[in-house]
J.: 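Structure incoming, see below.
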Amino acid sequence: MTPEKGSAERSAPGSYPFAEIEERWKRRWDELGIFRLDLSSPKPKYYCLDMFPYPSGDLHVGHGRNYIIGDVLVRTKIMDGWNVLSPMGWDAFGLPAENAAIERRIHPAEWTTSNIVKMKRQFHAWGIGFDWSREVASCHPGYYRWTQWLFLKLFERGLAYRGVAPVNWCPSCATVLANEQVVGEGDCERCGTRVVLKELEQWFFRITSYADSLLADLDLLGEWPEKVRIMQRNWIGRSEGAEIEFETEGRAESLTVFTTRIDTLFGATYAVIAPEHPLASWIIGRPGVDAGLVEFIRRLRGTRPERGAADVVKEGRDSGIKVRNPANGEWIPLFVANYVLMEYGTGAIMAVPAHDARDHEFAQSQGLPIRRVIANPSGDPALPYEDAGPMVNSGRFDGLSGDAAKAAVLKELAAGNLARPMVRTRLRDWLISRQRYWGAPIPIIYCGDCGAVPVPESDLPVRLPLDVDFRPKGDSPLARSESFVKAVCPKCGRPARRETDTMDTFVDSSWYFLRYLTPRDETRAFDTETVNHWLPVDQYVGGVEHAILHLLYARFITKALYDMGLVSFREPFQRLFAQGMITKGGVKMSKSKGNVVPPDTLIRRFGADTMRVYTLFIGPSEKDAEWEDRGVEGAHRFLNRVWRFVETYAAKLPPPGTAPRVESAEERVLRRKTHDTIRRARQDAAHFHFNTTVAALMELVNAISDFVADGAREITPRNAAGTVLREALETLTLLLAPIAPHIAEEIWARLGHRAEETVFRTAWPKADEAAMETDTYTLVVQVSGKVRAQIPMRVGATTEEVEHAALSDERVQRHLPDGRARNIFHVKGRLVNIVA
RNA sequence: GCCGGGGUGGCGAAACAGGUAUCCGCGGCAGACUUAAAAUCUGCUGGGCCUCACGGCCCAUGCCGGUUCGAGUCCGGCCCCCGGCACCA
């Protein structure tokens, strides 16, 4: 079969007229403003938030899942009587705009704007309902003005500070890279060149001072996926331990090491410092130092980016210096090695090869002594042994174990000021400087006399100049704009220079959810009172790829604002839903893999409703799912079927509002199915299990099909069958509405509801318990756990009746050797298990 | 290595809270309608076996074991796949 030219662009044969329907109802929603928030509504508030996207230009069906899930929720909540806020905006600053602009020779602003237009058109095509009157774009001066304000607020409280830090530098691209742009063993994501570290003075946000509350308040986030909370907990990486002083040969200053295992102190047979440690500099600066050692340390310092990987071979050299173990007075050698990181703890460790796998590996390769000081309670002599156990070979501490052992050693050393309890976190302060053009300028002016002076709030925004050569050359592009750099010191009025770095785009996205409430307010970033009413966000929906960075930063900023008294809540997002990704051919969809499914052709061929139904039906929303083009056709068939039933029977039904009347068994069965479907839909919605909702709706359609297929039954506006069928079709329509909103609107109208109404001003159905009641059920009879019979039973039958019925069944008797039961278990209303 | 998620028909998957495993859909097979095809509709569709048939039996939720009247579900021990973190002292 050879498809006609362009057949993929046409509607599938036999389709309902979705193109016309979808266009009409989208226009209607815009006219009615059903997604426009009414701040004065008395209904209870519901803030449903999709993570705002980076405007990359085109979305594929994998992105679509996120917004479809959010939209189903929004529409369900609207029908269920909530005052829903559903905003959308653009995380519009960032590197890709610069790169694309360089390639295409257009300005990043232009590229970004045209992408936003494209993506808005896509959202519209999918029928995603947003309150576009609240749209924000982080690259707009009306927005980044307040990002800069946020910086100033943090600066005022000492939460923004300037410090020296090593940053990733790609020599080939001649630019600084973000951590997440360094891949593998330290290569530039774009060109594959090995990055190097450069010491630069940078701006930081002091997120580490919130480490404890960021950690503790994870307990408040019971409605977040456990997985995300664990990832955050690990990222913060809090460990309790101690700092210990080791007297250093030839130096007044002692060496401070951090350990969580002070109970193994007697097993320290050497110590190690990172190559970047100040003591290493002192060592190589000494007269007569071994030239090989100097060369070694210098070489290691250049390999920092790839040293993080665990599979790097441990390398180290004896520094020639000895340090003194404060517990036993022993002088042990000090090594410089690549397996100790300057950024963690104090950059120095005591090495206990008997009880640490890394030290063990190193000690073995260097032939260093290994001394057991913790016994393994199981008696296993294998080393390294890293778990708890009683201390041995530790003099007066022998026999103590675990926390008691740690406390005892610490107490004794602390008395001599040789140790102190210490908590360390893996979390580092947030480096927000970027030597990039397309971002929010950091609102700081450098004055020769006054130093770093914040730009006064009244002078915000510090506008990003548009006429800048932003090609990466290694400096900050803004530094090339003389008119931008030239400034006057706000303090003393003398000539000064502007900061030319821009902020990390994660700063932009760490507060946008506050801006949606008053997006055009030119007097403040957000209104405290309004924000306090509307936040925390009731439901946040987004990809798990933001589990750490964005969500941690947003939590941090919220806590900082709380401490400033600007918001009354400690956590920004009450509930989080992280949807799974959609794969094609087993891998994540991406342009570079060439496996994206573009939604536009699908929509032209099958309509947006079909794409929505299939996207939801593909599997549980939180799990990854494989996209199958065939499955789309199945979803389309389902909607066609719904359409045909309404076409066929709409004119034969009683008018809307007619109460259902049951006169026959078949009518009772259909009513029961109708209400059971409502029950299931409500239950599924609570867990975002829309795949089973769609399955339930398909079952209802099958039940309707069975009901009308009975040739003997006529459907008329006057008979009971008509009333029950109307109820089933209306229920189907209302339950379908959040999922396939366009077709639902159309059939709702065709079922006789006024054309100017919208199904979204109609209440989502509630199940009628009475309609679900039955008077008989199928009793499952097991003999010794195996199903042997199904017997129809009257609801409410007594245990005696049930047992009697079961035992008198010949299929049961056949499996009872002596015809008698040794024991009987009865689960009322379900089954009996007869033990032979 | 550590942490998390998962493994059920040919495929996507379902199974509230330990109680009929495989809902729903895809694909396949057969039939109806049609000059024909498409579309649509109907029936069947986990594997093996017995039976002319009605029907019945056995096996099956990654593997091995356990708890239980009863296990996809709970417990112990393994194997494999996916994701995240990764020398964090």
Side-chain angles (χ1 to χ4, degrees), chain A residues 1 12-15 225-228 230-231 233-235 237-239 241 257-261 264 272 307-312 314 337-341 343-352 356-359 361-362 424-428 544-545 547-548 580-581 583 586-588 613-614 617-620 622-635 637-638 640-641 644 679-680 683 689 691-699 701-702 705 709 778-790 811 814 821-827 829-836:
Chain A
M1 171 181 84
S15 289
E226 180 65 12
K227 176 190 182 172
V228 174
I230 289 170
M231 282 167 85
R233 192 169 292 130
N234 293 343
W235 188 263
R238 186 178 196 276
S239 21
V257 308
F258 174 69
T259 182
T260 55
R261 290 298 304 271
T264 64
V272 189
R307 238 194 291 144
D311 52 4
V312 171
K314 291 180 176 49
N338 63 348
Y339 78 98
V340 171
L341 308 175
E343 310 86 282
Y344 188 77
T346 60
I349 61 155
M350 62 178 206
V352 185
D356 181 286
R358 297 155 300 180
D359 297 339
E361 183 191 337
F362 185 72
R424 290 285 177 173
T425 57
R426 216 186 74 115
L427 182 71
R428 317 263 156 73
V544 75
E545 66 271 20
I548 294 172
M581 67 177 179
T583 59
V587 291
K588 186 187 169 80
V613 168
Y614 177 64
F617 189 55
I618 193 167
E622 74 280 7
K623 300 230 178 88
D624 293 349
E626 173 74 11
W627 185 273
E628 306 254 16
D629 291 326
R630 284 287 182 144
V632 181
E633 291 171 36
R637 261 198 289 269
F638 164 64
N640 272 327
R641 229 169 148 218
R644 275 194 307 273
R679 185 190 59 79
R680 285 172 64 180
Q683 194 177 296
H689 283 182
N691 57 326
T692 48
T693 307
V694 174
L697 294 177
M698 287 172 168
E699 283 184 48
V701 169
N702 289 342
S705 173
T778 302
L779 176 76
V780 172
V781 186
Q782 296 182 332
V783 179
S784 301
K786 284 188 195 286
V787 178
R788 296 299 178 188
Q790 284 102 335
R811 289 165 295 189
R814 204 184 302 152
R822 274 201 293 157
N823 207 346
I824 300 182
F825 293 83
H826 180 207
V827 183
R830 297 195 90 139
L831 64 64
V832 281
N833 188 11
I834 296 165
V835 184

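Only a predicted model underlies this, so the values are computations on that prediction, with no experimental measurement involved.
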J.: Syn versus anti for B:rG9, judged by chi lying within 90° of 0?
T.: syn
J.: For atom P, what is the distance between B:rG7 and B:rC16, given to the nearest Å?
T.: 13 Å
J.: Could you run down the sub-3.5 Å N/O contacts of the protein with nucleotides 69-75 of chain B?
T.:
unit_1	atom_1	unit_2	atom_2	d
B:rC69	O2'	A:N833	ND2	3.3
B:rC69	O2	A:N833	ND2	2.5

J.: Looking only at the side chain of A:T259 (C-beta and beyond, no hydrogens), which of the listed nucleotides B:rA89, B:rC85, B:rC58 gets closest?
T.: B:rA89
J.: Strictly by Watson-Crick or wobble contacts shorter than 3.5 Å, is anything paired with B:rC41, and which nucleotide is it?
T.: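 Checking every strand shown, B:rC41 finds its partner in B:rG31, with both distances under 3.5 Å.
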J.: Can you see whether A:Y339 has A:K314 sitting over its ring - NZ or CZ less than 6.0 Å from the centre and within 45° of the normal?
T.: yes
J.: Which part of the nucleic acid, if any, lies within contact of A:T425, taking any heavy atom under 4.0 Å across all strands shown: a base, the sugar-phosphate backbone alone, or nothing?
T.: nothing
J.: Can you tell me the pairing partner of B:rC2 across any strand shown, Watson-Crick or G-U wobble, with both distances under 3.5 angstrom?
T.: B:rG84
J.: Would you mind telling me which of B:rC24, B:rG12, B:rA89 lies closest to the side-chain atoms of A:I618?
T.: B:rG12
J.: In whole Å, measure the gap between the P atoms of B:rU68 and B:rA14 for me.
T.: 32 Å
J.: Considering only the C1' atoms, how many Å lie between B:rG72 and B:rC59, rounded to the nearest integer?
T.: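 Pairwise C1' distance, B:rG72 against B:rC59, rounds to 16 Å.
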J.: For A:R233, answer base if it contacts any base atom (sugar-phosphate contacts may also be present), sugar-phosphate if it contacts only those atoms, and nothing otherwise; contact means non-hydrogen atoms under 4.0 Å.
T.: nothing
J.: Provide the Watson-Crick or G-U wobble partner of B:rA13, both distances under 3.5 Å; none if there is no partner.
T.: none
J.: To the nearest Å, how far apart are A:E622 CD and B:rG83 P?
T.: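 About 18 Å, once rounded to whole Å.
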J.: Here's a test of your reading of the structure: between A:R261 and A:Q790, which maps to the more 5' nucleotide of RNA chain B?
T.: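 Its nearest nucleotide lies further toward 5', so the answer is A:Q790.
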J.: When the C1' atoms of B:rG9 and B:rC3 are considered, how many whole Å apart are they?
T.: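 Taking atom C1' in both B:rG9 and B:rC3, they lie 33 Å apart.
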J.: Taking a pair as Watson-Crick or G-U wobble with both distances under 3.5 Å, which nucleotide is matched to B:rC63?
T.: B:rG77
J.: Just the atom pairs and distances: protein N or O near nucleotides 42-49 of chain B's N or O, under 3.5 Å.
T.:
unit_1	atom_1	unit_2	atom_2	d
B:rU42	OP1	A:S705	OG	3.4

J.: Determine, stepwise, if the pair A:I349 / A:D356 fulfils side chain to side chain contact (heavy atoms under 4.5 Å, CB included).
T.: CA-CA 11 Å; A:I349 61 155; A:D356 181 286; over 6 Å; no
J.: Please give the distance between the P atoms of B:rG31 and B:rG48 as a whole number of Å.
T.: 22 Å
J.: In whole angstrom, give the distance that lies between atom CG of A:N691 and atom P of B:rG12.
T.: 14 Å
J.: A:T692 side chain: which of B:rA15, B:rG19, B:rG12 is closest?
T.: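 Closest nucleotide to the A:T692 side chain: B:rA15.
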J.: Between B:rC23 and B:rU34, how many Å separate the two C1' atoms, rounded to a whole number?
T.: 34 Å
J.: Contact class for A:R644 vs. all strands (heavy atom < 4.0 Å): base, sugar-phosphate, or nothing?
T.: sugar-phosphate
J.: Distance between the C1' atoms of B:rU45 and B:rC11, in whole angstroms?
T.: 14 Å
J.: Report the distance from atom NZ of A:K786 to atom P of B:rG56, rounded to the nearest whole Å.
T.: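 Taking atom P of B:rG56 as the reference, NZ of A:K786 is at 15 Å.
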J.: B:rG19 pairs with which nucleotide, Watson-Crick or G-U wobble, both distances below 3.5 Å?
T.: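 Pair assignment: B:rG19 / B:rC69.
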J.: Using the P atom in both, what is the distance from B:rU20 to B:rC2, to the nearest Å?
T.: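 Result for the P pair: 38 Å, nearest Å.
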J.: Would you kindly give the CD-to-P distance between A:E633 and B:rC24, to the nearest whole Å?
T.: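 Going from CD in A:E633 over to P in B:rC24 covers 20 Å.
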J.: Could you check whether A:G634 gets within reach of a base, just the sugar-phosphate, or nothing at all, counting any heavy atom under 4.0 Å?
T.: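 Sugar-phosphate: the residue A:G634, judged by heavy atoms under 4.0 Å, touches backbone atoms but no base.
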J.: How long is the line joining CZ of A:R680 and P of B:rA15, in whole Å?
T.: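 Roughly 9 Å, once rounded to whole Å.
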J.: List, with names and distances, any nitrogen or oxygen atoms from the protein found under 3.5 Å away from nitrogen or oxygen atoms belonging to nucleotides 1-10 of chain B.
T.:
none

J.: Which nucleotide in the list B:rA89, B:rG19, B:rU40 gets nearest to the side chain of A:R637?
T.: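 Per side-chain heavy atoms of A:R637, the pick is B:rU40.
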J.: Once you round it to whole Å, what is the distance between C1' of B:rA21 and CG of A:L831?
T.: 14 Å
J.: Map A:E628 and A:I548 onto RNA chain B by nearest heavy atom, then report which one ends up closer to the 5' terminus.
T.: A:E628
